[in-house]
Amino acid sequence: MQQIDQKITAIINHFQLNNYAFSKRIGVTGTTIDSIVNGRPQPDGTRKKTKPGYDVLSAIIDQFNINPDYLFGKSDVMLKQDMDKIQTYSGIPKVVAVNQNDEENVVYIPVKARAGYLDGYGDSEYIETLPTFHMPQLTNGTYRCFEVQGNSMFSTFADGDLVFGQYVEDLKDIKNGRVYVIVSKNDGIVLKRIINNIEEKGQLILKSDNTNGNYPTYTINAEDIMEVWHVTMFASKQIPEPMDVYDRLHELESKLLQLQEALKN
């Protein structure tokens, strides 16, 4: 982590100033700034840097429109105007679909529509081009239906399954170990089991249920997240076999083997 003197040096360099010109802009002496960024000479030949006081920091923030969190190590964004350019998670979906009874419809995003959804998730005209339907079981929230792609969650969800996700209004509400659909500009639409590390590090940890080694665990930063949908229901084309089918097969094979042995004798 950069120290406060390094932060001030970065600001000076950003505005292409020298220490003297910078000091004049904030109303202090050049010696004051030099002692902060370079340090005062000591008898033993070393330099001891001076910690800037409140008045100096306040002047820097006001004069150069600096993000205070940048100076104090809580953000990497130097300028206040750049803070607006960083995406923050929205507490409500940008677009919802409703039926004639003013009830929210479930919007269906098939695999072939994924690329378009990344650009059009906040565009009402684009959302209108996607299939929608109403499900009485899914109420008290906004839902999307996503088609599963790939086998990273195999054993829980298969390629082609449909998962129904409820919009998560606050990233802090994400529960550890549950399955979510994460929509982000960098990774697209992914279905993962989540460990929530938002409050500690501003990140989510994304894990796959398929443990064959081809799907490593990774993290995603909060500012890269566009939407999060908590998977509450799914539909699968994979019809499970009866639980005792293998036991019955083994029993049948054993009887057949016994019958063959009897015929030989």
Side-chain angles (χ1 to χ4, degrees), residues 1-95 115 117-123 168-172 174 182-190 196-206 218-228:
M1 179 183 295
Q2 286 185 316
Q3 300 298 315
I4 189 71
D5 60 285
Q6 295 173 308
K7 297 280 189 178
I8 293 175
T9 299
I11 294 171
I12 294 171
N13 293 337
H14 176 81
F15 288 97
Q16 299 180 343
L17 301 171
N18 56 37
N19 290 354
Y20 179 78
F22 181 78
S23 68
K24 294 304 178 184
R25 291 279 297 272
I26 63 174
V28 298
T29 65
T31 302
T32 298
I33 296 302
D34 191 60
S35 67
I36 292 172
V37 299
N38 296 322
R40 292 180 181 274
Q42 301 298 304
D44 61 0
T46 61
R47 284 181 171 268
K48 183 178 181 180
K49 293 182 178 181
T50 304
K51 296 292 184 182
Y54 172 81
D55 291 343
V56 172
L57 294 176
S58 180
I60 293 173
I61 291 169
D62 292 341
Q63 179 63 36
F64 295 98
N65 200 28
I66 300 299
N67 171 21
D69 284 344
Y70 172 78
L71 280 174
F72 298 110
K74 296 181 179 180
S75 172
D76 293 328
V77 183
M78 179 187 294
L79 304 179
K80 287 182 180 178
Q81 62 261 31
D82 290 338
M83 294 173 64
D84 295 334
K85 298 177 183 178
I86 295 181
Q87 179 182 340
T88 55
Y89 192 78
S90 174
I92 57 174
K94 292 183 178 295
V95 180
Y117 187 81
L118 294 179
D119 293 323
Y121 73 99
D123 184 348
V168 177
E169 296 182 355
D170 191 330
L171 295 180
K172 295 178 182 178
I174 294 174
I182 308 293
V183 182
S184 70
K185 284 291 186 183
N186 293 332
D187 298 315
I189 299 173
V190 296
N196 192 342
N197 214 5
I198 290 295
E199 290 191 337
E200 293 82 3
K201 295 186 177 180
Q203 295 177 328
L204 296 179
I205 301 173
L206 281 59
Y218 63 97
T219 61
I220 184 171
N221 295 325
E223 59 264 26
D224 296 328
I225 300 171
M226 293 152 41
E227 292 183 338
V228 177

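Values reported hereafter were calculated over all heavy atoms of this structure, with side chains retained and with hydrogens, waters and symmetry mates removed.
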The criterion is side-chain contact (heavy atoms from CB on, under 4.5 Å); which residues satisfy it with [X], sequence neighbours excluded?
{"X": "Asp44", "result": "Gln42, Thr46"}
{"X": "Pro93", "result": "Val96, Thr142, Tyr167"}
{"X": "Ala115", "result": "none"}
{"X": "Asp55", "result": "none"}

Check the pair Val183, Tyr121 against side chain to side chain contact (heavy atoms under 4.5 Å, CB included), reporting the backbone distance first and the verdict last.
-> CA-CA 10 Å; Val183 182; Tyr121 73 99; 5.5 Å; no

Report the distance from atom [atom1] of [X] to atom [atom2] of [Y], rounding to the nearest 0.5 Å.
{"X": "Asp5", "Y": "Lys51", "atom1": "CG", "atom2": "NZ", "value": "7.0 Å"}
{"X": "Ile60", "Y": "Ile36", "atom1": "CD1", "atom2": "CD1", "value": "6.5 Å"}
{"X": "Asn13", "Y": "Ile8", "atom1": "CG", "atom2": "CD1", "value": "12.0 Å"}
{"X": "Arg47", "Y": "Ser35", "atom1": "CZ", "atom2": "OG", "value": "10.0 Å"}
{"X": "Gln81", "Y": "Ile66", "atom1": "CD", "atom2": "CD1", "value": "8.0 Å"}
{"X": "Asn38", "Y": "Thr50", "atom1": "CG", "atom2": "OG1", "value": "10.5 Å"}

Counterpart residues, side chain to side chain donor-acceptor pair (under 3.5 Å), relative to [X] (two or more places apart):
{"X": "Lys94", "answer": "none"}
{"X": "Tyr70", "answer": "none"}
{"X": "Asp119", "answer": "Lys185"}
{"X": "Asn67", "answer": "Ser75"}

Which residue pairs pass the ring-ring contact (aromatic ring centres under 6.0 Å, His included) test with at least one member in residues 26-50, sequence neighbours excluded?
->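 Matches after skipping sequence neighbours: none remain.
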
Determine which pairs satisfy ring-ring contact (aromatic ring centres under 6.0 Å, His included) with at least one residue from residues 38-58, sequence neighbours left out, and list them in order.
->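 Output for this query is empty, none listed.
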
Give me the ring orientation class for Phe22 and Phe64: parallel if the planes are under 30° apart, tilted from 30 to 60°, perpendicular past 60°.
->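 Rings of Phe22 and Phe64: parallel, as their planes differ by under 30°.
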
Is there a donor-acceptor pair closer than 3.5 Å between any side-chain N or O of Asn196 and the backbone N or O of Leu171?
->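 Side chain of Asn196 to backbone of Leu171, a donor-acceptor pair under 3.5 Å: yes, one is there.
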
Can you tell if the side chain of Asp187 reaches within under 4.5 Å of the side chain of Ile220, non-hydrogen atoms only?
->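 Sidechains of Ile220 and Asp187: in contact.
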
Heavy-atom check, side chain of Leu118 versus side chain of Ile189, under 4.5 Å =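 Yes, close enough: below the 4.5 Å cut-off.
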
For Ile225 and Ser184, which heavy atoms make the closest approach, and how far apart are they?
->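 Smallest heavy-atom distance, with atoms named: CA-CB, 4.4 Å.
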
Name every donor-acceptor pair, under 3.5 Å, that has one atom in a side chain of residues 23-32 and the other anywhere in the protein, sequence neighbours excluded.
{"residue": "Ser23", "atom": "OG", "partner": "Asn19", "partner atom": "O", "Å": "3.4"}
{"residue": "Ser23", "atom": "OG", "partner": "Tyr20", "partner atom": "O", "Å": "2.6"}
{"residue": "Ser23", "atom": "OG", "partner": "Gly30", "partner atom": "N", "Å": "3.4"}
{"residue": "Thr29", "atom": "OG1", "partner": "Thr32", "partner atom": "N", "Å": "3.2"}
{"residue": "Thr29", "atom": "OG1", "partner": "Thr32", "partner atom": "OG1", "Å": "2.8"}

Would Ile11 and Leu71 satisfy side chain to side chain contact (heavy atoms under 4.5 Å, CB included), going step by step from the backbone distance to the final call?
-> CA-CA 10 Å; Ile11 294 171; Leu71 280 174; 3.8 Å; yes

Test Gln63 against Phe15 for side chain to side chain contact (heavy atoms under 4.5 Å, CB included), laying out the working first.
-> CA-CA 12 Å; Gln63 179 63 36; Phe15 288 97; over 6 Å; no

Are more than 12 heavy atoms from other residues, nucleotides or ligands located less than 6.0 Å from atom CG of Asp76?
->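 Incorrect, the count does not exceed 12.
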
Test side chain to side chain contact (heavy atoms under 4.5 Å, CB included) on Tyr218 and Val190 and set out the steps.
-> CA-CA 12 Å; Tyr218 63 97; Val190 296; 3.9 Å; yes

Under 3.5 Å donor-acceptor pairs involving side-chain atoms of residues 199-206, not counting sequence neighbours:
{"residue": "Gln203", "atom": "NE2", "partner": "Asn221", "partner atom": "OD1", "Å": "3.0"}

